[in-house]
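Numbering starts at 1 and runs along the sequence shown. Just the heavy atoms: all of them, side chains too, but no hydrogens, waters or symmetry mates, feed the values below.
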Amino acid sequence: MDPRTGNAMCDICQRGHHPQRLPFLCAMDARNLLYEKRIANAQVLIEMDELEQRVNALLQDGQADAATTSAGRASHTYTENSHSEEQKAKLRTEQIISAAEKLQKEVDEAKKEIQDRKAVIARRKTDLASASQGIAARRRRELEETQKAISMSKFRWNQDHGAMAAYRGALCAEVAKLYRLQRVRRGNPVRFEYKIGGLEIVDLHHLNSKLNRNKRTGEGPNHRKGTHPEHISASLGHIAHLLWLASHYLSIKLPAEITLPHNDYPKPTIFSLASSYQHGQVSFPGASPLPVDPLDRQYGHVPHPRPLFLDKPLSSFSKDESNNYTAFLEGVCLLAYNIVWLCRTQGVPVGNNDNSFEDFTYIGRNLYNLLIGSSVNRGQPPQAMLDANGSPARNGALGGNGEGNDLAKATPQMGAWSHGTAHTSLSSTAGNEFTRSFKLPNPIKLADKLKSRLANDAPVPEWELIEGGDFGPNDLDDGVFVGGSPQSKGRAPRYGLESYMSVNTIRSHASSDTRISGATANTAGTRDKERSSNGWTKIKPR
């Protein structure tokens, strides 16, 4: 139907029906007319199909029954097949029964196991209930016994460590006595000199100073034993060896590593703080370097040790070899740094413990106080091992575990702190905090201060030794006899005079620092003029 006109329209062409223009019906109209007949035809076909299926089924059933009956009655095979099927059925039945019995057995066993577990659980509950009675008291008793055993173990540990510290201090004192480390009282006002191996220990700030007259040898004030390189080298060698032995007995690794003389290494040296214990085999300073193994990549950089010896007087050494002179000053400052650091770790005060430069320079005093001067307190246990009543502490104040603050604050004992024991170890956290509390200055800065001090305290030459070829008989016009006869016994005469001094004007060269001594054999007026223009004169001894 057309919704606008209400007329019928074709279902395919969508044209409306018109009785005049379209006299014939469309396919839609034809379909509508044939619809009822088509339904009737379909019903008839369906019924015919059902009837055909029924007939075919009946025919097939009849043929099968007839064939089976005739073949089974006539053949023995059918009987055997039937008997076989029966046996299979019986066997399967027996298997099913056996599986059922097995399953029943497992069920019974599971039930029994469950009952047994229930019995065990009930028994454990009973035991737990009986054991829970008085458990708090038993727990406190066992805890007290454990704490008591721990306290006794710590107490015995502290006692053993205290005895070990006393033995270490005694060993250090004995080796110091064997090395003849001693303190000598001199003069008025009273001053102390320190000797080792019969040699006077030269402190750092006295390297250029002039020592007193030696009463045994009768050497005069011109004899500067302190500036002799042999004396300084021997003194430093003894100190380095004694300090190395003391650190070995105390089981302490010094911050600056000391190398003692050994094969192809004739004199002692010392390494800087950064290079200590971080190198392989090092050759002696001035010798040819050792060949480096190309496969050894552990030590790529070979450090240079600082010498602890002198080959020439310090004044000429500083002018001729400035680099070696600086290395020598760094070496002695590192040695002094080791002594002060070891004193602080062993509870030996160094001055006021204010890390002043003067405290580092007195290496003889510091070494004596470390090894001998502190022996009066070695028989007493450290304060950290005593409680408030004066009895040995049992709380493990020196146990080394969890007591870092007490260790750092406690007054150290000679031989207590070391790198070789777990008790009060310097390698532990408490030991690192303890050593960091020293706040020692850098040895390089100490060397700079020492260099400046020695440069300021360098003595001004007043006497000049003139050898035989430096002057002749013509220079004797200005000479003066200084005591004695012209010829003395046991010595050959020098130009007929034994003791002779001349007053000569010293002229400064304009282009160099060399001082030229000129003999003034002119008139007195000329000498006075030259003396007044230069400003000072120099006396020549014999």
Query raised in the report: Do the charged groups of R117 and E113 touch, with an N to O distance under 4.0 Å?
Result: yes
Query - S428 side-chain N/O to T424 backbone N/O, donor-acceptor pair under 3.5 Å - result: no
Query raised in the report: Are any side-chain N or O atoms of E257 and backbone N or O atoms of Y277, one a donor and one an acceptor, separated by less than 3.5 Å?
Result: yes
Query raised in the report: Between S322 (side chain) and S318 (backbone), is there a donor-acceptor pair under 3.5 Å?
Result: no
Report task. Check whether any side-chain heavy atom of C172 sits under 4.5 Å from a side-chain heavy atom of L250, and report yes or no. Result -> yes
Query raised in the report: Got I339 and C343 here, is their nearest side-chain heavy-atom distance under 4.5 Å?
Result: yes
Query raised in the report: Going through the distances and angles, do L171 and V175 end up as a side-chain contact (heavy atoms from CB on, under 4.5 Å)?
Result: CA-CA 6 Å; L171 286 174; V175 73; over 6 Å; no
Query raised in the report: Are side-chain heavy atoms of K267 and L308 found at a separation under 4.5 Å?
Result: no
Report summary line: Separation between CG (L242) and CD1 (I196), nearest 0.5 Å, reads 4.5 Å
Query - Pair listing, side-chain hydrogen bond (donor to acceptor under 3.5 Å, both in side chains) test, anchored in residues 237-250, at least two apart - result: Y179-H241
Query - Within 6.0 angstrom of F192 CZ, more than 12 heavy atoms from elsewhere - result: yes
Query raised in the report: Are R191 and E193 ion-paired here, with the side-chain N under 4.0 Å from a carboxylate O?
Result: yes
Requested in this report: Could you walk me through whether H419 and S425 pass the side chain to side chain donor-acceptor pair (under 3.5 Å) test, one step at a time?
Outcome: CA-CA 5 Å; H419 290 98; S425 174; over 6 Å; no
Query raised in the report: Sub-3.5 Å donor-acceptor pair from the side chain of R306 to the main-chain atoms of G331, do we have one?
Result: no
Query - Any F360 side-chain heavy atom under 4.5 Å of P441 side chain - result: yes
Query raised in the report: Is it the case that more than 12 heavy atoms not belonging to R138 sit under 6.0 Å from its CZ atom?
Result: yes
Report summary line: For T421 and R168 the tightest heavy-atom approach is CG2-NH2, 3.3 Å
Query - For V282 against P303, the heavy-atom pair lying closest together - result: CG1-O, 3.7 Å
Report task. Dump the intermediate steps for side-chain contact (heavy atoms from CB on, under 4.5 Å) on K148 and E145, then the final yes or no. Result -> CA-CA 5 Å; K148 183 178 179 181; E145 293 177 356; 5.6 Å; no
**Report entry** Side-chain donor or acceptor of H161 paired with backbone N/O of A416 under 3.5 Å
**Finding:** yes
Query raised in the report: Taking the side chain from S251 and the backbone from S418, do they hold a donor-acceptor pair closer than 3.5 Å?
Result: no
Query raised in the report: What's the spacing between C333 SG and K445 NZ if we round to 0.5 Å?
Result: 13.5 Å
**Report entry** Spacing of CG belonging to L207 relative to CG belonging to L450, to within rounding of 0.5 Å
**Finding:** 6.5 Å
Query raised in the report: How close do A256 and N338 get, heavy atom to heavy atom, and via which atoms?
Result: O-ND2, 2.8 Å
Query raised in the report: Should E230 and L199 count as side-chain neighbours, where that means a heavy-atom distance under 4.5 Å?
Result: no
Requested in this report: First locate atom CD1 of I121, then atom CG of D116, and finally report the distance between them rounded to the nearest 0.5 Å.
Outcome: 11.0 Å
Query raised in the report: Do you see a donor-acceptor pair shorter than 3.5 Å between the side chains of N158 and H423?
Result: yes
**Report entry** Closest contact, heavy atoms only, L181 versus Y368
**Finding:** CD2-CA, 4.0 Å
**Report entry** Under 3.5 Å donor-acceptor, S275 side chain and F271 backbone
**Finding:** no
Requested in this report: State the CG-CG distance between L454 and L314, to the nearest 0.5 angstrom.
Outcome: 6.5 Å
Report task. Drop me the distance from L334's CG to L273's CG, to the nearest 0.5 angstrom. Result -> 6.0 Å
**Report entry** Output field: ring centroids F284/F309 closer than 6.0 Å
**Finding:** yes
**Report entry** Residue pair P305 / P285: nearest heavy atoms and the distance that separates them
**Finding:** CG-CG, 3.8 Å
Query raised in the report: Can you tell me if S316 uses its side chain to pair, donor with acceptor, with the backbone of P313 under 3.5 Å?
Result: yes
Query - Heavy-atom side-chain contact between P261 and P268 under 4.5 Å - result: yes
Requested in this report: Report yes or no: does Q182 contribute a side-chain atom to a donor-acceptor pair with the main-chain N or O of K195 at less than 3.5 Å?
Outcome: no
Query raised in the report: When you look at CG of D127, are more than 12 heavy atoms from neighbouring residues, nucleotides or ligands closer to it than 6.0 Å?
Result: yes
Query raised in the report: Is it true that a side-chain atom of S235 and a backbone atom of I232 form a donor plus acceptor pair closer than 3.5 Å?
Result: no
Query raised in the report: Which residue pairs pass the side-chain hydrogen bond (donor to acceptor under 3.5 Å, both in side chains) test with at least one member in residues 357-366, sequence neighbours excluded?
Result: H205-T361, S356-D359, E358-R453
Query raised in the report: Quick one: is the NZ or CZ of R183 closer than 6.0 Å to the six-membered ring centre of Y194, and within 45° of its axis?
Result: no
Query - K253, NZ: over 12 other non-hydrogen atoms inside 6.0 angstrom - result: no
Report task. Could you tell me which non-hydrogen atom of T435 sits nearest to which non-hydrogen atom of N432, and how far apart they are? Result -> OG1-O, 3.0 Å
Requested in this report: Please examine the side chains of T259 and I270, heavy atoms only from C-beta on, and report whether any two atoms are closer than 4.5 Å.
Outcome: no
